[in-house]
4 protein chains.
Amino acid sequence: MQLHLDPSSATPLYAQVVEQVKALVASGGMRVGDQLPSVRDLAVSLRVNRNTAAKAYQMLEAEGVLATRAGHGTFVAAGSSRWSRQERFRRLERLADRLLVEAHHLNIPPAEIASLLERRLHAFEMNRPKSTGKS
Amino acid sequence: MQLHLDPSSATPLYAQVVEQVKALVASGGMRVGDQLPSVRDLAVSLRVNRNTAAKAYQMLEAEGVLATRAGHGTFVAAGSSRWSRQERFRRLERLADRLLVEAHHLNIPPAEIASLLERRLHAFEMNRPKSTGKS
Amino acid sequence: MQLHLDPSSATPLYAQVVEQVKALVASGGMRVGDQLPSVRDLAVSLRVNRNTAAKAYQMLEAEGVLATRAGHGTFVAAGSSRWSRQERFRRLERLADRLLVEAHHLNIPPAEIASLLERRLHAFEMNRPKSTGKS
Amino acid sequence: MQLHLDPSSATPLYAQVVEQVKALVASGGMRVGDQLPSVRDLAVSLRVNRNTAAKAYQMLEAEGVLATRAGHGTFVAAGSSRWSRQERFRRLERLADRLLVEAHHLNIPPAEIASLLERRLHAFEMNRPKSTGKS
DNA sequence: GTGGTCTAGACCACG
DNA sequence: GTGGTCTAGACCACG
């Protein structure tokens, strides 16, 4: 699992780990059932405090992205959102609104937003192994 | 100007103000040249300290969203980002990536992302007054 | 890091700190990666409030001169301006115009401006360590 | 006398007037002995408070740029700097240092500083009427 | 220990 | 009346 932390970012280290693990899972860099390094190993390889690594895993578990099997380690969880369809869309809508607001202030027109999103989506899907048919 | 702060949010109060003012401007709820409430009035209406309200305005001015006219108050600026094209796209790209990652974890397929974005964009533009052509 | 504040100056205390830190970095008195005193220590040594010292560091971080590493302190950043080329030249042009106007009123002819600038530039570069080529 | 004030600038209005009058004199847009509009007329034409216009003239008088002849009005003064040669160079040096520091942080190399200064100097001299020989 | 946020309250410049 | 600066002092997140 290859993560790259930016220690001088305003985003806390644990949150960077959360974001990147979610990105890995979303892009297919990690698949359901894959095992993650132990908290201890992760902390060593990222050169962060062990508490930082542990906090990241806790957050990811809380979100349902990872699951810990006692004594066996931490794995990418199968479960997708426990939230209702309405709640899931509400959350995405909030992010979409922030994107649109930011694009407006960065003076980036709608057409360019669309093409940028398509480009990024494509970049994600390049990394994803072929679907097994189970979505 | 109607803002709603959530004191229990992890987002600092001043940052909530910044976000909401940017959203108002982007959505057409406020237009270039419109005057904002004075720092003192805003502080009273949001029940925050004057310094907190002032900090929000200062951040917005630093971003080029607002402009302060000495002794006269604070206004929506004509804008146009001062950042390099590269920096502007880098910022939007980060938001786009987060949106795509989040959509995956919320189990919302790409086609629905596109339609949601279009819907939100439309909602924004409904509020925006038609251009008069006079700049 | 040796700074000298003039409490009777029209320039705010935090802005004096900003100016002097930028001068230190530009002249090679501080190098990329160097750690600055903590906000608390700086406040004590300058006999200003902690908030004032913090504000100076925040401005410098916003300008890209410093970078903060959560829980570790504040460091000289690798830099490189985020502004557009146009904006960067506009800013320098304003300073150049002020210099030329002032030189006229001080009755200092163009030829002497050039030689003074060269002298000062030389003084700056004397202090700057030779590049190691390693960036 | 054509001045252009930017009400949303951080520079106070009176200081903008001071700067621009000095620039006019330096560039030859106004010459020694030329009469300036009355405080009242200036205030009207710039649409500023009369106190603002008066303060600008006071500052310019204090610097020796303008002189008021009681009952006759305000004129561009002949006198150049009352300061010693050393003091005059010290003042220009301060501006030069600020320019060099800023150029460094804007990532503008020395060669470009020189060419920019030359360009601006040229722009100034274009406006200046031919010397009468008295400098 | 590090920086970030917030309040209460004072003083000041600008216009 | 407007925003800007500064202090004293408290609390919090991060690591």
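Here the structure is a predicted model, which is why all the values come from computation and not from measurement. Side chains are part of it too, since the values below use all heavy atoms of this structure and drop only hydrogens, waters and symmetry mates. Order of the sequence lines sets the chain letters (A, B, ...), proteins ahead of strands, with each chain counted from 1.
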Participant: May I ask you to check whether over 12 heavy atoms, not counting those of C:R90, lie within 6.0 Å of atom CZ?
Facilitator: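 Yes, CZ of C:R90 has more than 12 neighbouring heavy atoms, counting only those of other groups under 6.0 Å.
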Participant: Could you run down nucleotides 10-15 of chain F 5' to 3' and tag each one B, S or - for protein heavy-atom contact under 4.0 Å?
Facilitator: BB--SS
Participant: Would you kindly give the CG-to-P distance between B:L42 and F:dG3, to the nearest whole Å?
Facilitator: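 In whole Å, F:dG3 P lies 10 Å from B:L42 CG.
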Participant: Just to verify, what does C:S81 make a side-chain contact (heavy atoms from CB on, under 4.5 Å) with, not counting sequence neighbours?
Facilitator: C:W83, C:R88, D:L106
Participant: Nearest whole angstrom, please: distance from the P of F:dC6 to the CG of C:D6.
Facilitator: 12 Å
Participant: What integer distance in Å separates B:Q58:CD from F:dG3:P?
Facilitator: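 Roughly 11 Å, once rounded to whole Å.
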Participant: Just need the stems in DNA chain E: three or more back-to-back Watson-Crick or G-U pairs, each with both distances under 3.5 angstrom, sorted by first number.
Facilitator: E:1-14 with F:1-14
Participant: Whole Å only: how far is the CG atom of B:L66 from the P atom of F:dT2?
Facilitator: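 Interatomic distance, CG of B:L66 to P of F:dT2: 16 Å.
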Participant: Do C:Q16 and C:T11 meet the criterion of a side-chain donor-acceptor pair at a distance under 3.5 Å?
Facilitator: no
Participant: Using heavy atoms to find the nearest nucleotide of DNA chain F for C:A53 and B:Y57 separately, return the residue whose nucleotide is more 5′.
Facilitator: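 In this pair, the answer is B:Y57.
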Participant: To the nearest Å, how far apart are B:R69 CZ and F:dG4 P?
Facilitator: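 Value for this atom pair: 14 Å.
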Participant: Heavy atoms under 4.0 Å, any strand shown: does B:V48 hit a base, just sugar-phosphate, or nothing?
Facilitator: sugar-phosphate
Participant: Does anything in residues 9-24 of chain C form a salt bridge (Lys or Arg N to Asp or Glu O under 4.0 Å)? List the pairs, not counting sequence neighbours.
Facilitator: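 For residues 9-24 of chain C: C:K22-C:E63, C:K22-D:E102.
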Participant: Checking B:D34 now: which residues fulfil side chain to side chain donor-acceptor pair (under 3.5 Å) with it, not counting sequence neighbours?
Facilitator: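 Side chain to side chain donor-acceptor pair (under 3.5 Å) list for B:D34, sorted by chain: empty.
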Participant: Whole angstroms only, please: what is the CE-P distance between C:M59 and F:dG4?
Facilitator: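 In whole Å, F:dG4 P and C:M59 CE are 11 Å from each other.
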Participant: Just by modelled atom types, is the D:V48 backbone N or O under 3.5 Å from a matching donor or acceptor in the D:T52 side chain?
Facilitator: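 Absent.
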Participant: List in chain and number order the residues that pass side-chain contact (heavy atoms from CB on, under 4.5 Å) with A:S45, two or more places apart in sequence or in another chain; answer none if no residue qualifies.
Facilitator: A:L42
Participant: More than 12 foreign heavy atoms under 6.0 Å from CE of A:M1: is that the case here?
Facilitator: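 Yes - once you tally the heavy atoms of other residues, nucleotides and ligands closer than 6.0 Å, there are more than 12.
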Participant: Assess, by modelled atom type and distance only, whether the side chains of D:Q35 and D:T74 contain a donor and an acceptor separated by less than 3.5 Å.
Facilitator: no
Participant: Measure from CG on B:D41 to C1' on F:dG3 and round the result to the nearest Å.
Facilitator: 13 Å
Participant: Take the protein atom CG of C:L5 and the nucleotide atom P of F:dT5, then report the distance between them rounded to whole Å.
Facilitator: 15 Å
